Amino acid sequence: MSGGRPARWTRRHLDLLAESGVTTAPVIDPAAVPRILPDHDLWDLWPVQEEDGSTSVTGGYELWMALSAPALGHPEKRHDQARIRLLGKNGGQWKDLGDAFADGASPGSREWSGSAVRRSDGTVSVFYTAAGRRGEARPTYQQSVIETQPVLIADDRGRILLRQDAGHREVLRSDGRMYLPADEADGAPGRIRAFRDPGWFRDPADGRDYLLVAASTAWKDGFTGAIALAESRGDAWSLLPPLLVAEGVNHELERPHVIVHDSWYYLFFCAQRHTFHPAGRAPTGLYGFAAPSLTGPYEPLNGSGLVLQNPSVEPDQAYAWLVLPDRHVVSFANYRSHQGMDLRYAGAAQARAGFGGTIAPMLRLTLDGMSASVVPAATDSRNGS
């Protein structure tokens with residue numbers, strides 16, 4: 001497949017944005033988000049998919065992955081200790097299945113978001129982001145896409161795990177031409193170039209595997225967010241031109257992914273209010289575009305691209321939304337509002353007290369051509385974690 005001209009997300013689109021009940025998530029009741037792991041934060045959830053896109057089930061449990069870190073100190077520091085955790089889900093109950101990989105298996109100093117697909121040979125292809133480099137003295141922000149393919153084990157004692165002996169290999173990094181290198185030694189989440197969050201997708205039109213990657217392209221004297229596409233070619237992956245460039249609107253288009261519904265390709269990604277230009281120009285939310293094929297041409301859903309935003313009274317209540325093929329939406333509970341304060345910059349104790357660090361209640365989307373709306377949680381029978 002050859003890449004076409006990328007879609008542009010522009011300020012003209014954001015001028016059409018208005019807060020509406022059909023694109024606003026309900027306020028999360030803290031009682032509805034019990035911590036799955038009392039001693040660990042969880043965020044950035046994704047399912048282990050079957051090759052048809054459905055969620056894989058083993059031993060009576062749906063298989064999921066999430067990022068995890070010890071629930072200590074300031075929540076923003078969790079990114080410097082992130083590990084991928086394997087989880088099982090049975091109805092509304094979650095089961096901790098432990099770290100997905102052995103200590104030191106990743107070529108990075110920590111493991112950031114990705115995706116996973118179960119293969120017919122009993123293995124699971126896990127695509128994830130290696131951040132930094134193994135053994136570095138302090139965390140850096142180099143990013144590349146890693147693949148590992150461990151065997152999935154489910155035994156008669158109820159254990160579910162991934163074998164720890166699979167190799168981890170780099171399959172993609174930014175090329176420095178279409179995509180700026182994500183190789184900064186210093187920085188912080190929200191202020192660094194991107195080449196991360198690989199999202200696996202099999203295109204029903206050609207049966208081929210693709211990866212969508214949060215990337216960065218040049219913009220004036222800085223950088224802007226983009227969604228890269230890579231095509232599987234045997235054991236290798238080939239970078240294609242971007243599907244979407246944010247034209248100075250936002251410098252991070254995180255967790256890109258695609259689902260197909262009613263012959264439309266829906267491209268979704270997350271964006272935070274403080275990474276818009278200027279900061280606060282649009283809300284933290286799930287944004288999306290739609291097209292008749294994987295490579296476009298894409299146009300913004302609801303005119304502006306906004307699909308789902310946090311309510312204005314709780315602007316940071318959830319993040320890292322992921323739309324499943326059945327249009328259910330998962331995310332994690334982020335910061336509860338505290339008198340309008342941005343808790344990312346609060347002291348450790350105050351930020352910790354307001355941080356969810358667990359799985360948020362599930363939502364559902366209605367998709368109709370170029371329009372999208374949120375099904376209220378109370379009317380969705382699968383809602384809850």
Side-chain angles (χ1 to χ4, degrees), residues 23-47 55 61-79 81-97 113 189 254-255 270 272-273 283-286 307-324 327-344 346 348-365 374-385:
T23 55
T24 301
V27 172
I28 294 175
D29 177 359
V33 286
R35 292 185 70 87
I36 309 303
L37 278 66
D39 299 326
H40 282 74
D41 294 326
L42 287 178
W43 71 103
D44 287 21
L45 185 71
W46 67 90
T55 300
Y61 287 91
E62 293 183 358
L63 297 182
W64 290 77
M65 292 180 167
L67 298 187
S68 72
L72 299 170
H74 201 295
E76 293 302 293
K77 295 295 185 183
R78 71 188 188 277
H79 303 287
Q81 305 174 67
R83 296 284 301 274
I84 295 174
R85 200 95 176 183
L86 187 63
L87 302 169
K89 184 177 188 291
N90 185 337
Q93 300 300 311
W94 291 88
K95 180 179 180 179
D96 177 28
L97 302 176
S113 294
E254 298 191 291
R255 304 203 76 197
C270 304
Q272 302 194 65
R273 59 190 177 109
T284 294
L286 174 73
V307 172
L308 186 165
Q309 71 171 85
N310 284 327
S312 57
V313 294
E314 290 286 356
D316 301 307
Q317 71 170 10
Y319 192 60
W321 295 273
L322 185 77
V323 184
L324 305 179
R327 303 182 306 288
H328 280 84
V329 186
V330 295
S331 63
F332 79 96
N334 197 12
Y335 289 112
R336 294 187 298 276
S337 183
H338 181 77
Q339 299 177 349
M341 180 183 297
D342 188 340
L343 290 181
R344 294 177 303 134
Q350 189 175 35
R352 173 59 57 188
F355 183 64
T358 192
I359 299 167
M362 193 174 284
L363 301 173
R364 192 172 187 272
L365 295 181
V374 181
V375 177
T379 66
D380 188 353
S381 60
R382 269 192 59 183
N383 183 68
S385 297

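From a predicted model like this one, the values you see are computed outputs, not experimental measurements.
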Problem set entry | Minimum side-chain heavy-atom gap R273-P283 below 4.5 Å | no
For this session: Please step through side-chain contact (heavy atoms from CB on, under 4.5 Å) for the pair W46 and L324, ending with a clear verdict.
Result: CA-CA 9 Å; W46 67 90; L324 305 179; over 6 Å; no
For this session: Under the side-chain contact (heavy atoms from CB on, under 4.5 Å) rule, what do L87 and L42 come out as? Steps first, then yes or no, please.
Result: CA-CA 11 Å; L87 302 169; L42 287 178; 4.2 Å; yes
Exercise. Going from CG on L343 to CZ on R352, what distance comes out if it is rounded to the nearest 0.5 angstrom?
Worked result: 11.5 Å
Exercise. Which atoms form the tightest heavy-atom contact between W43 and A66, and what is the distance?
Worked result: O-CB, 3.6 Å
Problem set entry | Contact check, side chains of R85 and D96, non-hydrogen atoms, under 4.5 Å | yes
Exercise. Would you say R83's side chain and S68's backbone share a donor-acceptor pair under 3.5 angstrom?
Worked result: no
Exercise. Is L286 close to L365 at the side-chain level, that is, under 4.5 Å between some pair of heavy atoms?
Worked result: yes
Exercise. Of all residues at least two apart in sequence or in a different chain, which pass the side chain to side chain donor-acceptor pair (under 3.5 Å) check with S331?
Worked result: none
For this session: Answer whether the closest heavy-atom distance between the side chains of D342 and P315 falls below 4.5 Å.
Result: no
For this session: Assess whether side-chain contact (heavy atoms from CB on, under 4.5 Å) is satisfied between L97 and L63, documenting all intermediate values.
Result: CA-CA 9 Å; L97 302 176; L63 297 182; 4.3 Å; yes
Exercise. So, do V330 and W321 sit near enough that their side-chain heavy atoms are less than 4.5 Å apart?
Worked result: no
For this session: Check the pair L322 / R255 against side-chain contact (heavy atoms from CB on, under 4.5 Å), numbers first and verdict last.
Result: CA-CA 8 Å; L322 185 77; R255 304 203 76 197; 4.3 Å; yes
Problem set entry | Side chain to side chain, L67 and I84, heavy atoms closer than 4.5 Å | yes
Would you be so kind as to tabulate the donor-acceptor pairs closer than 3.5 Å made by side chains of residues 30-37, with sequence neighbours excluded?
unit_1	atom_1	unit_2	atom_2	d
R35	NH1	G356	O	2.8
R35	NH2	H40	O	2.7
R35	NH2	D41	OD1	2.8

Exercise. Quick one: does E314's side chain have a donor or acceptor within less than 3.5 Å of a partner on S337's backbone?
Worked result: yes
For this session: To the nearest 0.5 angstrom, please state how far the CZ atom of R344 sits from the CG atom of N334.
Result: 9.5 Å
Exercise. Do L72 and K77 come within less than 4.5 Å of each other through their side chains, counting heavy atoms only?
Worked result: no
Exercise. So, do D316 and T284 sit near enough that their side-chain heavy atoms are less than 4.5 Å apart?
Worked result: yes
For this session: Search all heavy atoms of A318 against all heavy atoms of N310 and return the closest pair with its distance.
Result: O-ND2, 3.0 Å
Exercise. What is the minimum heavy-atom distance between H74 and Y335, and which atoms define it?
Worked result: CE1-OH, 3.8 Å
Problem set entry | Nearest heavy atoms of P311 and Q317, plus distance in Å | CD-NE2, 3.3 Å
For this session: Considering non-hydrogen atoms only, spot the tightest contact between A25 and L308 and give its length.
Result: CB-CD2, 3.9 Å
Problem set entry | Over all atoms of both residues, closest heavy-atom pair of A360 and I28 | CB-CD1, 4.1 Å
